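Predicted model, so just to flag it, every value in this text is computed and none were measured.
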Amino acid sequence: MNRSTLGSALRELRKSSGLEAKAVARGAAMSSSKLSKIENGNTAPSVTDVDCILTAIGVSNEAKAEFMAVAREAATEVTAWRLVRRLGYSRKQQQVQALEAQTALLRLFQPALIPGLLQTPEYVRAVFTRESLGEVELERTIGARLARQRVLYSREKTFRFVITESVLRWRVLPPLMMASQLDRLISASRLPGVDIRVVALATQQTDFPSHSFCITDDRIVVIETAHAEIMVTDPKDVALYAHKFERFSESALSGDAMRSLVETIRDDFLREQETG
């Protein structure tokens, strides 16, 4: 099996499991037509597509490892945001949710905005309103992102977030709503499997926050740029991002010190709201 025969191999695997294509597509958070194109070799599946399909089928760890090794032969995948828009941002959120459900350790560095798993409904709306979505798709996307946040309460998973202080001060919302968003960060930081750290502006740094990235276990790194989402699976590249994450994590505030900084910024927003 290689990448050129991966689709047909997935089709045979599904058929041998006795599952209908519609059921697997639903479990993999993709349309039946997309699954059909993957199985027939008309569309090259991404690493996430293969991961979600295998999980929906329910294969053994050994079989999954074999298929995923083939899927990762292309070490870097680039998906333009215009293609994500065509797919639908709500569908994209469902695909991310499926990937997060299979992840034991998620590490996310964010120098631009509050991480999606930690956003309030108002913040989510502000983020996706900028995409000029239709009202129906906007509401679906907001609901899909908020639905992802349930995974934070799983006791079988660990979430590590490193955020720069500038993110907390970036005025995405009016002052009162920004204060509520920061309260959300404080409360989420007390969840058993959640570690939130903030890189303070006053801290001397030895690295540069060029862009956000998310590491799922030690398998995949997802990088977001202005024009595209980049998925990296080469172990050497994944290790590079893991090292970069740890460097930022070591220099960041955590625990009570982190919460104290967030509370200070929150109180600044509240004072601004009161004084008008």
Side-chain angles (χ1 to χ4, degrees), residues 1-21 23-80 83-84 87 91-92 94-109 151 154 156-160 212-225 228-246:
M1 178 174 55
N2 52 43
R3 281 190 66 85
S4 64
T5 61
L6 182 57
S8 60
L10 286 169
R11 182 181 63 236
E12 294 306 314
L13 191 64
R14 175 185 60 77
K15 288 183 175 180
S16 66
S17 73
L19 292 172
E20 294 290 335
V24 172
R26 185 167 55 251
M30 65 177 61
S31 65
S32 296
S33 62
K34 180 177 180 178
L35 177 62
S36 176
K37 289 177 182 178
I38 289 173
E39 290 186 344
N40 291 318
N42 296 322
T43 295
S46 68
V47 173
T48 301
D49 290 335
V50 176
D51 204 338
C52 291
I53 290 169
L54 294 172
T55 300
I57 294 173
V59 300
S60 66
N61 290 335
E62 292 77 11
K64 187 171 187 176
E66 179 183 357
F67 276 82
M68 291 304 296
V70 175
R72 293 188 183 110
E73 285 180 1
T76 302
E77 299 174 357
V78 180
T79 304
L83 299 180
V84 175
L87 167 72
R91 178 77 70 174
K92 175 62 177 178
Q94 292 169 355
Q95 290 182 345
V96 175
Q97 183 178 24
L99 183 61
E100 289 167 346
Q102 303 156 29
T103 301
L105 170 62
L106 184 144
R107 288 166 287 180
L108 191 151
F109 174 70
V151 76
S154 171
E156 299 175 352
K157 300 178 183 294
T158 300
F159 297 89
R160 298 178 60 195
S212 67
F213 59 89
C214 181
I215 311 170
T216 55
D217 295 323
D218 285 311
R219 300 177 294 126
I220 302 170
V221 180
V222 177
I223 305 155
E224 293 187 353
T225 68
E229 176 186 85
I230 303 171
M231 185 173 293
V232 176
T233 57
D234 186 296
K236 292 182 180 178
D237 292 333
V238 173
L240 183 152
Y241 278 96
H243 177 68
K244 191 176 184 73
F245 180 89
E246 294 304 330

Mind listing the closest non-hydrogen atom pair of [X] and [Y] along with its distance?
X: V50; Y: A71; answer: CG2-CB, 3.9 Å
X: D218; Y: V238; answer: O-CG1, 3.6 Å
X: P45; Y: L6; answer: CG-CD2, 3.9 Å
X: V78; Y: A228; answer: CG1-CB, 3.6 Å
X: C52; Y: Q95; answer: SG-O, 4.2 Å

Worksheet item: E100 and L106: side-chain contact (heavy atoms from CB on, under 4.5 Å), yes or no, with the steps?
Response: CA-CA 8 Å; E100 289 167 346; L106 184 144; 4.1 Å; yes
Fill in: Contacts of type salt bridge (charged side-chain N to carboxylate O under 4.0 Å, His left out), residue R11, not counting sequence neighbours
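By the salt bridge (charged side-chain N to carboxylate O under 4.0 Å, His left out) rule, R11 matches no residue at all.
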Worksheet item: For D51, what residues pass the salt bridge (charged side-chain N to carboxylate O under 4.0 Å, His left out) criterion, not counting sequence neighbours?
Response: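 Checked D51 against salt bridge (charged side-chain N to carboxylate O under 4.0 Å, His left out); matches are K64, R219.
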Item to complete: Might you confirm whether atom NZ of K37 has over 12 heavy atoms from other residues, nucleotides or ligands at distances under 6.0 Å?
Response: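 Result for NZ/K37: open.
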Worksheet item: Take atom CD in E20; do more than 12 heavy atoms of anything else shown fall under 6.0 Å from it?
Response: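 Count not over threshold, so no.
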Worksheet entry | Identified side chain to side chain contact (heavy atoms under 4.5 Å, CB included) counterpart of V24 within the set E39, M30, R14 |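 Single side chain to side chain contact (heavy atoms under 4.5 Å, CB included) partner of V24 among E39, M30, R14: R14.
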Between [X] and [Y] (side chain of the first, backbone of the second, donor and acceptor by atom type, cut-off under 3.5 Å), is there such a pair?
X: R26; Y: A21; answer: no
X: S154; Y: V151; answer: no
X: D234; Y: K236; answer: yes

Fill in: Derivation and outcome, side-chain contact (heavy atoms from CB on, under 4.5 Å), residues S212 and L108
CA-CA 7 Å; S212 67; L108 191 151; 5.6 Å; no
Fill in: Residue list, ring pair (Phe, Tyr, Trp, His ring centres under 6.0 Å) with Y241, at least two apart or on another chain
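Per chain and number, Y241 pairs via ring pair (Phe, Tyr, Trp, His ring centres under 6.0 Å) with F213.
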Fill in: Nearest-0.5 Å distance, NZ of residue K92 to CD of residue Q97
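Nearest 0.5 Å value for the NZ-CD distance: 13.0 Å.
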Fill in: Step-by-step side-chain hydrogen bond (donor to acceptor under 3.5 Å, both in side chains) determination, S33 to S31
CA-CA 5 Å; S33 62; S31 65; 3.1 Å; yes
Practice prompt. State, with a plain yes or no, whether a side-chain heavy atom of M68 is found less than 4.5 Å away from one of L54.
Written response: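 In contact.
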Worksheet item: Going through the distances and angles, do F67 and L13 end up as a side-chain contact (heavy atoms from CB on, under 4.5 Å)?
Response: CA-CA 10 Å; F67 276 82; L13 191 64; 3.9 Å; yes
Worksheet item: Is the shortest distance from a Lys or Arg side-chain nitrogen in R160 or E246 to a carboxylate oxygen in the other one below 4.0 Å?
Response: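 The answer is yes: the pair qualifies as a salt bridge.
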